[in-house]
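Counting from 1, the numbers follow the sequence of the chain as shown. When a ligand or atom number is given, it counts from 1 through the structure's own listing order.
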Amino acid sequence: MSLLDNLNEQQKQAVTSVDGPILVLAGPGSGKTRVLTYRIAYLVQEMNVYPYHVLAVTFTNKAAGEMKERTEHLLGGTLGGATIGTFHSICARWLRREAEWIGLNPHYHIYDNTDQTSAMRAALKDLNINEKSYTPRSILSTVSRAKNALTLPADLSARNYREEIARRAYERYQQILQENDALDFDDLLLRATLMFHDYPEILQRYRERYQYIMVDEFQDTNSVQYQLVRQLAGNDGNIFVVGDEDQSIYRFRGADFRNVLRFRQDYPDVRVILLEENYRSTGTILQVANAIISHNKQRVGKILHTAREKGPLIAVHNAYNETEEADYVCSEIQRLQREDQYAPGDFAIMYRTNAQSRALEEAFVTRGMPYRLVGATRFYARKEIKDALAYLRIVHHPADEISLLRVINMPPRGLGEKTIAALLTWSRQVNTSIYEALQTWRTAPEQLPVQPNFSSRAKRLLRDFAAMWATWISVSQQVSVPLLLDRIMSDIGLHEYLLRKDGDESRWENVQELRSVAADTSPLDPEEALTFFLEEVTLVSEVDNLPEGTNVPTLLTLHMAKGLEFPVVFITGVEDGILPHTRSFDSPDDMEEERRLFYVGVTRAKNRLYLVHTFRRTLWGQEQLATPSRFLRDIPKTFIETGKQRSQRRRMARLTPVDDSAPRRRTAPAAKPGSQQFAPGQKVRHAIFGDGVVVHTALSAGDEEVTVVFQDAGIKKLLASFAKLEKVI
Ligand code: ATP
Ligand code: MG
């Protein structure tokens with residue numbers, strides 16, 4: 001069987017057009033990513049292109065891994081030499097390789113958000129700028145925007161005082177990064193672009209190497225990324241990009257879907273290929289998606305049809321509050337597993353903001369249902385993990401002051417702020433890194449131009465620390481990363497410290513988890529393995545923290561869901577103010593982006609789609625009445641299951657008993673009317689509305705008015721004497 005047999009005509013065309021610039025524009029689920037993968041296999045297998053000449057850029061490390069795997073599978077072998085990765089990871093590798101040519105320490109390390117904030121905080125302090133008036137976060141976002149637009153500090157506009165502050169902070173921040181041999185995420189792209197700009201001979205080498213360039217999710221590239229692609233492809237390279245303007249959702253990070261237009265202008269002889277068949281979703285889901293996106297004005301309409309069946313109607317559910325919302329999601333997941341043989345891993349629950357995950361997580365935990373969470377409490381953002389990594393960093397790169405300051409007194413070893421300040425001042429006076437200064441002081445103090453001014457206790461503590469530090473560095477050249485980590489952790493007594501502080505093992509277990517990640521890195525020579533490990537760890541994007549192969553539901557933000565697909569998708573919090581987010585209310589452009597985000601979520605679903613909103617929601621500590629999202633109004637009613645259809649379906653399902661082991665609820669007749677019989681939290685059953693929970697009761701005109709949230713029928717206010725509610729125990 002040929003490689004091309006698994007593709008439709010348009011897809012075949014895209015795969016076999018190998019020369020010149022090609023742009024594939026197509027809607028979700030039309031096989032863009034599939035085409036890109038097949039194209040790599042085709043080039044290697046049919047066109048005898050050496051994998052070494054292939055460069056494929058994807059959006060997440062996970063996608064890159066999948067692409068490698070799929071291509072290798074298609075080829076029935078390994079794909080040695082091809083470069084497949086995210087823009088960031090690929091640039092990191094190039095910069096490391098060319099470091100010496102461009103005046104960069106080859107052992108540079110990569111700062112993540114928290115490191116960046118510390119560095120910016122330090123910059124503001126150095127400039128005597130009040131952190132309260134100019135928060136590190138706001139200045140960092142200006143810096144990020146500047147970098148993504150290829151603007152250096154000297155070129156940043158400073159038309160007013162605020163901008164001047166930002167410019168100076170940017171400048172100082174860069175100096176701090178440089179002093180620490182560090183680059184932030186944006187620098188990776190910026191420095192690579194500058195490298196190609198400033199060193200034509202390097203660019204020439206890369207152009208000769210990368211004769212076939214492919215970019216997935218092209219609509220979400222920003223200016224620097226576009227520039228990189230442009231530089232490498234030149235005017236006559238074989239450049240193949242795929243994307244969907246309707247799925248551009250990273251504007252806030254500088255993504256600009258007008259890059260598609262730029263591409264067309266820069267390559268006037270581009271071949272545009274459209275894919276029109278969706279292989280992912282049912283007819284109903286696709287029509288719902290089309291109805292939503294067609295309300296955006298800034299778009300070129302596309303044709304997208306599916307050969308799949310119509311499938312079930314979508315569910316729009318109104319829950320009382322976020323707790324009931326989460327309960328509803330969990331019980332639907334359990335029901336679908338029971339009735340329709342879905343596996344736990346078939347479900348995804350998506351939300352607009354990270355804060356929404358808490359209520360969902362609680363519901364999963366309460367029911368003892370395992371899940372994986374992408375986002376907020378990311379593994380690598382945990383304090384103990386960052387501490388452990390900081391230790392590895394100072395071993396890998398002793399000049400890394402930010403990491404050192406993070407751990408010099410962690411676990412607390414009596415090195416107070418005063419001592420640390422004295423240490424910093426003294427290292428500046430002797431004009432070397434803290435590491436060098438400490439080691440000279442420890443071994444040959446007479447060689448120092450200035451002696452430090454420490455208390456005798458601090459002297460002892462610092463000598464001990466410096467000695468351990470030197471030992472770790474020599475150990476690191478001899479043993480694997482896990483063993484090095486063991487050695488450091490035992491020297492600093494982290495396990496005992498965490499146990500003492502928390503009274504349990506959970507944080508230490510996280511550190512052990514990190515150890516097992518380290519054990520998975522390729523067995524290169526110890527030094528290289530450490531470099532490799534730290535690089536990988538820093539680059540893992542949030543979505544990549546999913547433990548692979550675990551068969552459990554996934555909780556993730558809509559932004560993280562890009563490019564993925566799931567048999568059943570729940571989108572929660574489909575409310576005005578959340579989706580669309582309040583921030584977008586005053587800006588038509590932002591509103592269109594919110595709509596695209598909703599569209600991305602909807603189009604992740606293969607078979608079933610649930611849109612859930614609440615009546616009241618507590619979010620960010622505030623309880624408010626919620627309004628259903630305006631986007632819901634764009635969905636024709638014919639695609640939404642009505643309460644009646646739902647009950648009917650339920651009744652049918654109940655006729656076919658599947659799980660006899662499930663505990664049955666007992667019902668009891670309610671007591672006499674007239675007195676207060678119900679209390680919030682009471683589970684009840686109604687002849688028409690089905691099962692529900694009482695959320696509020698009040699005596700009114702001698703009768704009891706009960707507010708009930710029904711699983712299917714939503715919220716109802718009922719009079720107890722008429723409603724004949726049964727209490728469910
Ligand atoms: P998105 O815009 O969401 O990233 P996409 O255009 O990249 O979507 P893919 O993820 O490549 O779409 O494909 C969607 C699904 O359809 C995948 O499961 C893929 O394997 C399947 N698919 C694509 N083309 C075909 C085909 N010709 N035959 C069978 N299945 C296909
Ligand atoms: Mg894709």
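When only non-hydrogen protein atoms are considered, atom 27 (N) of ligand 1 lies nearest to Gln11 OE1, 2.8 Å. Protein heavy atom nearest atom 15 (C) of ligand 1, with residue, atom name and distance: Glu565 OE1, 3.3 Å. In this structure, atom 2 (O) of ligand 1 lies nearest to the protein heavy atom Lys32 NZ, 2.6 Å. For atom 7 (O) of ligand 1, the closest non-hydrogen atom on the protein side is Thr33 OG1, 2.8 Å. Protein heavy atom at the shortest distance from atom 21 (C) of ligand 1 is Tyr279 CB, 3.8 Å.
Heavy-atom contacts of Arg604 reach the following atoms of ligand 1: 3 (O) (cutoff under 4.0 Å). Listed by number with element, the atoms of ligand 1 under 4.0 Å from a non-hydrogen atom of Gly27 are 6 (O). Each of the following atoms of ligand 1 lies closer than 4.0 Å to a heavy atom of Gly563: 4 (O).
Checking Asn607 against Arg308 by side-chain atom types alone, a donor-acceptor pair falls below 3.5 Å. A side-chain donor from one of Thr221 and Asn259 sits under 3.5 Å from a side-chain acceptor of the other. For the residue pair Arg230/Tyr267, the side-chain donor-acceptor check at 3.5 Å is satisfied.
Using a 30° and 60° split on the angle between ring planes, Tyr52 and Tyr50 fall in the tilted class, from 30° to 60°.
The ring of Phe347 has its center no closer than 6.0 angstrom to the ring center of Tyr371. When ring centroids are compared, Tyr210 and Trp94 come within the 6.0 Å threshold.
Residues Gln356 and Glu322 form no side-chain contact, since every pair of their non-hydrogen atoms from C-beta on lies 4.5 Å or further apart. Side-chain contact check for Leu55 versus Tyr212: every heavy-atom pair is 4.5 Å or farther apart.
Between Gly31 and ligand 1, at least one N/O pair is under 3.5 Å apart. Any N or O atom pair closer than 3.5 Å counts here, and Gly29 shares at least one such pair with ligand 1.
With Arg280, Glu217, Arg34, Lys12 as candidates, the residue nearest to atom 10 (O) of ligand 1 on a non-hydrogen basis is Arg280.
Contact annotation for Lys562 and ligand 1: no heavy atom of the residue comes within less than 4.0 Å of the ligand. With a 4.0 Å heavy-atom cut-off, ligand 1 is reached by no atom of Glu277. At a heavy-atom distance under 4.0 Å, only backbone atoms of Asn6 (N, CA, C or O) approach ligand 1.
Asp246 has a carboxylate O that lies under 4.0 Å from a charged side-chain N of Arg299, or vice versa, which qualifies the two as a salt bridge.
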